[in-house]
Amino acid sequence: MLQNGDLVIIQTCNKALLKDPGKGYQEWLLCVFTGSVGINRWRFLIGALKDLDCSLRKLNSRLFVLRGKPEDVFPKLFNEWNVTKLTYEYDTEPYSLNRDEKVTSLAREHEVEVIYKISHTLYNIERIIEENGGKPPLTYKCLQAIVQKLGPPKKPISAPHLENMKDVKTPWSEKSEEKYGIPTLEELGLESTSLGEELFPGGEQEALRRLDEHMKKTAWVCSFEKPKTPPNSLSPSTTVLSPYVTFGCLSARTFWWRLTEVYRGRKHSDPPVSLHGQLLWREFFYTGSVGINNFNKMEGNPVCTQVDWDTNPEYLAAWREARTGFPFIDAIMTQLRQEGWIHHLARHAVACFLTRGDLWISWEEGQKVFEKLLLDGDWALNAGNWQWLSASAFFHQFFRVYSPIAFGKKTDKTGDYIKKYLPVLKKFPPDYIYEPWKAPRSVQQAAGCIVGKDYPHPIVLHEQVSKKNIQRMKEAYAKRSSDCNESPIKEQGVKRKALSVSEMLQKKIRKE
DNA sequence: TCCGGTGTTGGTGTA
DNA sequence: GTACACCAACACCGG
């Protein structure tokens, strides 16, 4: 329980503020300009901090936002405020582990008691690894088996009430506002006029409202199957609760148990495709990120296939800036930049396109772009999913390539999604909206959009380049298996591979 | 140790 | 409309 003089730091909410600082305030601002947090994410975070401050004020307290490098700021504060206790939420990201270790040892030097809680994930991630014999599970099934053994996640505890806080005094004056107030976009040197409508305001209140709104739809929750939700609907086909979970506005455990309530006594979908399943995917990638070295890199990452990706700044810029000439891809990248959220399958489409599908650019480059632009950008999930999509780890069927033309058509024949985000194409007829370069000149003129002038030509020939890339992936995999295993055991593996065609024939004969 | 089945969410062509 | 083979042939799991 809180006592006089306690310092409460809400760790998940101020992560970005404390990240990558230089030596002083100026350098910290510099890191904002070049760093990994885009303006939409800043806006979300600021909203979340305002909401948190608002909730704390209802408890006769407030939020203090510190500016500077944690190892400089904390020792001063320990002395100035006579701090006796420091509490934080355990965070498994390497940057955070390092920071928290430093701050913890400084706290001990100042005789400040440090208490941390594991609450960002459903389970204690290290416990999952331990249960699997010291290794992170590399398949979802394996993770499922482990959590089965561990039982359901802990129940969330309720937020503090006014009566819990009755002996707590938080002294502050108007002067504190200047020093400890919540930063504004202007203070961060960001141009807010470029911002679009705030579709997903940050904060716990909004998170809980959004959760309620979705949990009311019992039938929808019970029949939810992620792969069946369209990536290109005009409004999101999934909950968009991920940014709230990422920033600690919504506890994964609260989400989990609310779902359990909705499921109770009803027929419902199951992991991996259900909503429970989505939370377990989060757990899956968190476990990988803790148990696998260099998880956000290809080199030095033991589970990651080593691929000779190209360095192609022109292609990368075209992808990032939504000018690949493939309307489906460009529309998704536009939505990402404008709104900070895109559907999971839309992420698949653009990630496959950037890496193994078309442009043959390293998934690490895509990872950087997503980290900056996604409201729900999460270190572990971002790295894990990019490895998945590029068929570098976890997923290996590299010959399954998303078509930048056909994939979107399945759920949006008329291309309304494309027209929404690429207004330049809005007069294109459905027959050509996914492939405007195929439209006759007269159609382009009638649509008021000439390909090559008003909208770019496609930067690659998908049919050709994707076939070539499958071959390159095949080579990377072949190299992988020969590198990993030069022992005679692998000889048999090779033999088996060579026999696979006849094996298939035999199988066919047996069936008949 | 071997074998067969499976893997959250592909595309295309044919019957 | 739907089911299936094919693309090419990996990693992992369980029997």
Side-chain angles (χ1 to χ4, degrees), chain A residues 132-133 135-146 224-232 237-238 269-285 288 302-307 328 343-349 351-353 356-358 381 384-385 387-411 434 462-463 465-485 487-508 510-512:
Chain A
N132 193 44
K135 284 179 168 183
L138 295 177
T139 62
Y140 191 85
K141 260 208 152 75
C142 180
L143 178 100
Q144 271 182 295
I146 294 162
F224 184 93
E225 289 182 43
K226 185 66 160 277
K228 289 188 181 163
T229 58
N232 46 6
S237 60
T238 53
S269 55
D270 287 303
V273 293
S274 65
L275 283 166
H276 261 177
Q278 304 312 301
L279 287 167
L280 290 178
W281 278 108
R282 181 170 178 270
E283 225 62 11
F284 176 73
F285 288 122
V303 304
C304 184
T305 305
Q306 305 296 302
V307 178
F328 182 57
H343 186 276
H344 188 64
L345 290 177
R347 299 178 197 202
H348 278 213
C352 183
F353 186 87
R356 65 189 170 85
D358 296 85
L381 273 57
N385 278 306
Q387 284 173 83
W388 183 291
L389 252 296
S390 61
S392 297
F394 311 115
F395 171 83
H396 307 281
Q397 284 158 299
F398 51 79
F399 44 87
R400 287 189 180 177
V401 176
Y402 288 85
S403 161
I405 296 139
F407 187 63
K409 282 186 187 171
K410 283 195 288 191
T411 45
Y434 285 87
H462 173 73
E463 294 78 11
V465 92
S466 61
K467 283 202 183 88
K468 188 180 145 204
N469 289 347
I470 288 171
Q471 289 308 310
R472 291 175 87 171
M473 278 311 281
K474 192 178 151 188
E475 285 160 26
Y477 268 72
K479 196 161 177 290
R480 174 196 166 117
S481 41
S482 67
D483 281 357
C484 281
N485 275 303
S487 63
I489 299 159
K490 209 59 199 173
E491 293 289 311
Q492 286 180 324
V494 171
K495 203 176 164 190
R496 202 188 139 199
K497 255 180 265 164
L499 282 168
S500 61
V501 174
S502 58
E503 270 177 350
M504 264 180 65
L505 280 168
Q506 280 175 356
K507 224 161 85 180
K508 214 175 167 183
R510 254 178 274 148
K511 266 187 198 167
E512 284 162 7

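Letters A, B, ... are given to chains in the order of the sequence lines, protein chains preceding strands, and every chain is numbered from 1.
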For B:dT9, does OP1 or OP2 lie under 4.0 Å from any side-chain N or O of A:R347?
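A:R347 to B:dT9 OP1/OP2: no side-chain N or O under 4.0 Å.
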OP1 or OP2 of B:dG11 under 4.0 Å from side-chain N/O of A:K410:
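It does, given that an N or O in the side chain of A:K410 lies less than 4.0 Å from OP1 or OP2 of B:dG11.
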Does the A:S269 side chain pair with the main chain of A:E225, one donor and one acceptor, at a distance under 3.5 Å?
no
Rounded distance (Å) that lies between atom [atom2] of [N] and atom [atom1] of [X]:
{"X": "A:F224", "N": "B:dT8", "atom1": "CZ", "atom2": "C1'", "result": "11 Å"}
{"X": "A:F394", "N": "B:dT6", "atom1": "CZ", "atom2": "C1'", "result": "18 Å"}
{"X": "A:R356", "N": "B:dG10", "atom1": "CZ", "atom2": "C1'", "result": "9 Å"}
{"X": "A:E475", "N": "C:dA8", "atom1": "CD", "atom2": "P", "result": "13 Å"}
{"X": "A:F407", "N": "B:dT9", "atom1": "CZ", "atom2": "P", "result": "11 Å"}
{"X": "A:N469", "N": "B:dG10", "atom1": "CG", "atom2": "P", "result": "19 Å"}
{"X": "A:W388", "N": "B:dG10", "atom1": "CH2", "atom2": "P", "result": "11 Å"}
{"X": "A:Q144", "N": "C:dG14", "atom1": "CD", "atom2": "P", "result": "12 Å"}

Roughly how far apart, to the nearest Å, are [N] and [M] at atom [atom1]?
{"N": "B:dT8", "M": "C:dA8", "atom1": "P", "answer": "24 Å"}
{"N": "C:dA5", "M": "B:dG5", "atom1": "P", "answer": "13 Å"}
{"N": "B:dC2", "M": "C:dC7", "atom1": "C1'", "answer": "27 Å"}

Would you mind pulling out the nucleotide paired to [N], Watson-Crick or G-U wobble, both distances under 3.5 Å?
{"N": "B:dA15", "result": "C:dT2"}
{"N": "B:dT8", "result": "none"}
{"N": "C:dG15", "result": "B:dC2"}

Out of A:T411, A:T229, A:N232, which one pairs with A:H343 under the side chain to side chain donor-acceptor pair (under 3.5 Å) rule?
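Between A:H343 and the candidates, side chain to side chain donor-acceptor pair (under 3.5 Å) is satisfied uniquely by A:T229.
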Please examine the side chains of A:Q387 and A:V303, heavy atoms only from C-beta on, and report whether any two atoms are closer than 4.5 Å.
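They are in side-chain contact.
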What does A:F399 touch in the nucleic acid at a heavy-atom separation under 4.0 angstrom: a base, only the sugar-phosphate, or nothing?
base
Looking across every strand, which nucleic acid part, if any, lies under 4.0 Å from A:E225 by heavy atom: base, sugar-phosphate, or nothing?
nothing
Of all the heavy-atom pairs spanning A:Q278 and A:V273, show the shortest one and how long it is.
NE2-O, 3.3 Å
Over 60° means perpendicular and under 30° means parallel, so classify the ring planes of A:F398 and A:Y477, tilted if in between.
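A:Y477 vs A:F398 ring planes: tilted.
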